[in-house]
Amino acid sequence: MTMTGYQNKVLRIDLSAGKHKTEPLNMEFAAKYVGSKGLAIRYMYEELKPGVDALGIENKLFFTTGPLTGTPVACSGKLSIAAKSPATGTMNDCSIGGHAGIRIKYAGYDMIIFEGKLEKPGYIVIEDDKVKFMDADDLWGKGSHEAESILTKKYGTDYSVLSIGPAGENLSPMACINSDYYRQAGRGGIGAVMGSKNMKAVIVRGTGGVKVPDIEKATDRIIELLQKDVLQEDNTFVYDSGTTAFLEACNDGGILPYKNFSDTTDPDWKEYNDGVLMEHRKGKRGCGSCGLGCGNFLQIGKAVCEGPEYESISVAGPNAGIKDPEHIVKFNQVADDLGLDTISAGDTIIWAMEMTERGIHDFGIRFGEADKMISMLEMMAKKEGIGADLADGVKKASEKFGGTDFAMQVKGLEYPQYEPRGSWGMSMAYAVSDRGACHMRSYAPNEEVFAASIPPYTAEGKGQMVYNLGEFNAVKFSLCVCDFWGTITYEIMAELLTIVTGREWKPEEMAEVGRRVLNIGRAFNQREGFARKDDTMPERLAKDPLKSGPAAGQTIPREAFDDMLDQYYKVMGWDENGCLPDELIETL
Amino acid sequence: MKRLKFNKENCIGCQLCAQVCSAMKEGEYVPSKARIAIETYYEDGDLKYKDDFCILCCICVKKCPEGAITMNEYIEVDMAKCTGCGVCAEKCPKHVIRIREDKAYICDTCKGDPTCVKTCPQNALTFE
């Protein structure tokens with residue numbers, strides 16, 4: 001059946017031939033996976049044969065919107081950017097804010113697929129149905145910020161710019177894609193895929209629109225939900241202080257990581273918390289169609305960024321043994337400009353700090369050395385000096401130099417800033433996430449620490465908990481709606497989809513879509529050879545008890561971790577090896 | 001007489017104003033055809049605002065060579081008289097008038113009950 005909200009069009013760009021064409025959106029896929037995350041993975045499963053080299057010409061980039069994109073549904077402005085990951089070899093889907101997703105939709109497309117490789121560095125200009133291939137001679141080698149500035153001045157602010165920095169150009173597995181300067185498709189080396197295609201940037205402008213049935217009534221209800229459900233305190237805390245609000249909660253909860261996850265809690269956390277950072281705020285910003293405006297544009301000294309977010313604060317702050325807020329903002333700014341994922345780059349540097357302090361290998365940097373942390377970013381982005389040894393992340397570096405016990409990663413993607421010894425389910429969430437250690441799949445601390453709805457230091461019930469959280473986010477990010485509409489429910493999701501698509505969606509179907517999206521991601525990885533052996537937990541968590549905070553004394557015994565994995569596989573209907581049976585794959 | 005006011009400190013650049021304006025006026029979410037265009041953007045390390053909205057200065061009313069534009073509580077364009085000459089758009093100090101297919105499209109504050117104001121999630125737009 002037809003669904004409104006979609007443009008029913010995919011733009012396929014052949015970079016090798018310098019050509020493009022459009023084709024209808026696969027509505028069978030859309031009916032099962034809706035859009036954004038889910039739709040992207042389903043297309044990847046179809047089009048990326050197993051064994052493809054993530055940095056090779058056969059990998060593809062999928063820029064995917066959902067039916068809600070380009071409507072006033074609150075928090076619907078995010079864009080999924082997906083490809084096979086050069087960091088992990090798994091599937092990877094990132095979510096980037098700003099305005100690019102909405103403009104792609106207004107240009108007339110549900111999805112843009114980039115195939116092949118440009119002969120020499122270039123950028124792509126998309127304006128409605130026009131696609132131009134431009135030379136990037138004067139952009140290549142420049143920071144992402146300078147590139148975006150040049151392009152915006154040349155083409156105007158009606159265009160959204162998606163660009164890579166030197167990290168992506170140098171094929172760093174931690175390279176990100178930037179937009180609006182400070183929004184990223186951050187993890188898994190998505191920027192390196194763009195760099196491997198010689199694409200410095202994609203700019204897009206759209207003068208078209210999105211149609212929905214009974215638009216006045218639809219808009220009334222959409223805005224009513226914005227005013228009544230989105231704009232309530234449970235969600236609006238992100239306007240007040242962005243994700244810096246998580247600092248206090250994580251510190252109190254004993255999950256704020258300290259000195260490369262060797263401990264938790266920082267008694268000096270108030271030196272860089274939201275109270276301090278927001279004093280330097282110069283402006284507020286949100287994505288397109290947002291209602292909440294989580295972006296804080298701030299300046300400390302000469303350091304400027306929209307942020308910093310909790311992940312960047314933690315990894316450049318307590319996890320690095322640093323307490324200087326100006327350093328944290330500078331770290332954010334420099335990483336963004338180089339086009340480096342702050343989480344992976346930060347985690348790799350702090351691992352190097354511990355290696356140096358323990359005398360295992362001298363990387364020339366110790367905890368607390370803020371200036372060196374910043375210069376390390378540049379060396380890693382350019383693969384120069386000591387940066388060359390660290391550029392590929394902690395998994396590869398630890399395989400070469402030792403220190404694998406405290407190389408905090410899963411499948412080659414570095415750990416986000418939540419200490420699992422204080423939230424056991426998170427160790428399993430990191431292990432089973434579809435793209436390596438990611439906190440945006442199953443956000444366990446919400447239940448185990450903030451809501452305290454389940455005891456944090458046991459394995460009991462964690463399989464079901466991690467599944468429930470994962471199912472919820474999987475469907476939410478397939479509509480898509482941003483994480484920060486925290487109070488959204490399956491009922492609201494179904495109602496919004498029904499309003500926009502003109503097809504009756506039921507709340508139970510949201511759960512089905514979520515489950516399907518989890519399964520298709522796993523199926524992709526399974527075809528690449530991933531199984532239980534890759535759903536890992538760093539030895540540190542089993543061996544080293546925490547010393548401070550509410551979780552002092554905690555380790556996660558291997559039996560408990562294995563038990564949680566067993567529970568999760570059972571809930572998913574996978575075998576003990578974490579693999580989908582054929583009958584299940586056929587339903588996808 | 002009430003007019004639109006923009007408080008930039010509150011604006012988060014979500015552009016919901018343009019989306020709902022175009023919904024009401026064009027039957028589609030198509031901001032390029034809205035009667036308002038507000039955005040925020042970064043330039044040279046600073047956060048900037050573009051605030052194109054009708055301030056009821058009535059320059060368009062005065063300059064229209066066909067007398068097609070009138071003002072009572074809000075601006076109205078007599079489409080039968082409008083030739084799409086573009087003088088109003090050229091003279092509009094807020095650059096917010098759009099000429100399409102030989103007609104001028106100008107904000108009419110939704111006849112005194114502006115949808116953009118009712119929608120703005122952060123009270124950046126008011127009607128006072």
Side-chain angles (χ1 to χ4, degrees), chain A residues 5 69-75 77 98-99 102-103 105-106 128 145 148-149 152-153 156-158 180-182 205-212 214-216 218-220 222-223 226-227 230-231 236 239 282-295 297 299 302 304 306 333 500, chain B residues 6-52 95-96 98-101 105 110-111 113-126:
Chain A
T69 313
T71 73
V73 169
C75 310
H99 296 262
I102 293 176
R103 289 170 183 185
K105 197 73 176 294
Y106 290 155
D128 295 330
H145 290 171
E148 178 158 356
S149 174
T152 309
K153 286 190 171 147
T157 56
D158 278 355
D180 272 348
Y181 289 77
Y182 301 109
R205 173 176 186 243
T207 64
V210 174
K211 290 192 167 78
V212 306
D214 214 345
I215 195 166
E216 284 192 30
T219 306
D220 279 346
I222 288 171
I223 301 308
L226 162 67
Q227 301 288 353
V230 179
L231 293 173
T236 56
Y239 177 91
K282 289 169 71 171
K284 288 290 315 174
R285 199 140 189 272
C287 301
S289 291
C290 182
L292 294 169
C294 72
F297 179 59
Q299 181 164 0
K302 291 216 186 87
V304 157
E306 184 190 307
Q333 179 183 12
V500 168
Chain B
F6 176 63
N7 183 352
K8 72 177 190 196
E9 281 78 41
N10 290 354
C11 179
I12 57 172
C14 66
Q15 302 191 296
L16 283 172
C17 44
Q19 285 197 41
V20 298
C21 171
S22 58
M24 292 306 156
K25 296 298 188 189
E26 302 290 335
E28 195 182 347
Y29 300 122
V30 54
S32 67
K33 295 181 180 170
R35 281 68 158 144
I36 186 170
I38 295 180
E39 66 173 299
T40 70
Y41 58 98
Y42 290 111
E43 189 180 74
D44 300 326
D46 220 345
L47 182 57
K48 304 230 163 114
Y49 300 82
K50 183 174 105 160
D51 58 347
D52 297 348
H95 314 287
V96 78
R98 304 272 176 266
I99 308 293
R100 260 186 291 124
E101 287 157 33
Y105 293 90
C110 298
K111 303 205 186 335
D113 189 19
T115 309
C116 54
V117 170
K118 289 193 286 196
T119 302
C120 178
Q122 296 295 339
N123 292 315
L125 275 173
T126 50

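Order of the sequence lines sets the chain letters (A, B, ...), proteins ahead of strands, with each chain counted from 1.
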Thinking salt bridges, do Arg98(B) and Asp52(B) make one under a 4.0 Å N-O criterion?
no

Taking the side chain as everything from C-beta on, heavy atoms only, tell me whether Lys8(B) gets closer than 4.5 Å to Thr40(B).
no

In terms of heavy-atom proximity below 4.5 Å to chain A, should Leu16(B) be classed as side chain, backbone, both, or neither?
side chain

Heavy-atom contact with chain B under 4.5 Å, split by part of Lys284(A):
both

Do you know which of Gly70(A), Ala74(A), Ser149(A) has the most heavy-atom pairs with chain B at a distance under 4.5 angstrom?
Gly70(A)

Counting only non-hydrogen atoms closer than 4.5 Å, does Lys105(A) touch chain B with its backbone (N, CA, C, O), its side chain (CB onward), both, or neither?
neither

Taking every non-hydrogen pair under 4.5 Å, which of Cys290(A), Gly293(A), Pro72(A) racks up the most with chain B?
Pro72(A)

Under 4.5 Å from any heavy atom of chain B - which part of Val212(A)
side chain

Where is the tightest heavy-atom contact between Ala23(B) and Thr219(A), given as atom of each residue plus distance?
CB-OG1, 3.8 Å

Any side-chain donor paired with an acceptor under 3.5 Å for Tyr42(B) and Glu306(A)?
yes

Any side-chain heavy-atom pair from Glu148(A) and Tyr181(A) closer than 4.5 angstrom?
yes

Show the numbers, then the answer: is there a side chain to side chain donor-acceptor pair (under 3.5 Å) between Gln19(B) and Ser289(A)?
CA-CA 8 Å; Gln19(B) 285 197 41; Ser289(A) 291; 2.7 Å; yes

Please identify, among Gly98(A), Gly208(A), Gly283(A), the residue contributing the most non-hydrogen atom pairs under 4.5 Å to chain B.
Gly208(A)

Per-residue contact mode, Arg103(A) against chain B (heavy atom under 4.5 angstrom):
side chain

Counting heavy-atom pairs under 4.5 Å with chain A, the top scorer among Cys120(B), Ser22(B), Gly13(B) is Gly13(B)

Ile222(A) portion near chain B, given a 4.5 angstrom heavy-atom threshold:
side chain

Looking at chain A, which one of Glu43(B), Gln15(B), Glu26(B) has the largest number of heavy-atom pairs inside 4.5 Å, strictly under?
Gln15(B)

Side chain, backbone, both or neither of Thr152(A) within contact of chain B (heavy atoms, under 4.5 Å):
neither

Answer yes or no: is there a side-chain heavy-atom contact under 4.5 Å between Ser32(B) and Tyr106(A)?
no

Against chain B, label His99(A) side chain, backbone, both or neither, depending on which of its atoms sit under 4.5 Å from a heavy atom there.
side chain

Could you tell me whether a side-chain N or O of Asp158(A) sits under 3.5 Å from a main-chain N or O of Arg205(A), the two making a donor and an acceptor?
no

So do His145(A) and Tyr182(A) actually touch side chain to side chain, heavy atoms under 4.5 Å?
yes

Heavy-atom cut-off 4.5 Å, strictly under: side chain, backbone, both or neither for Lys118(B) against chain A?
backbone

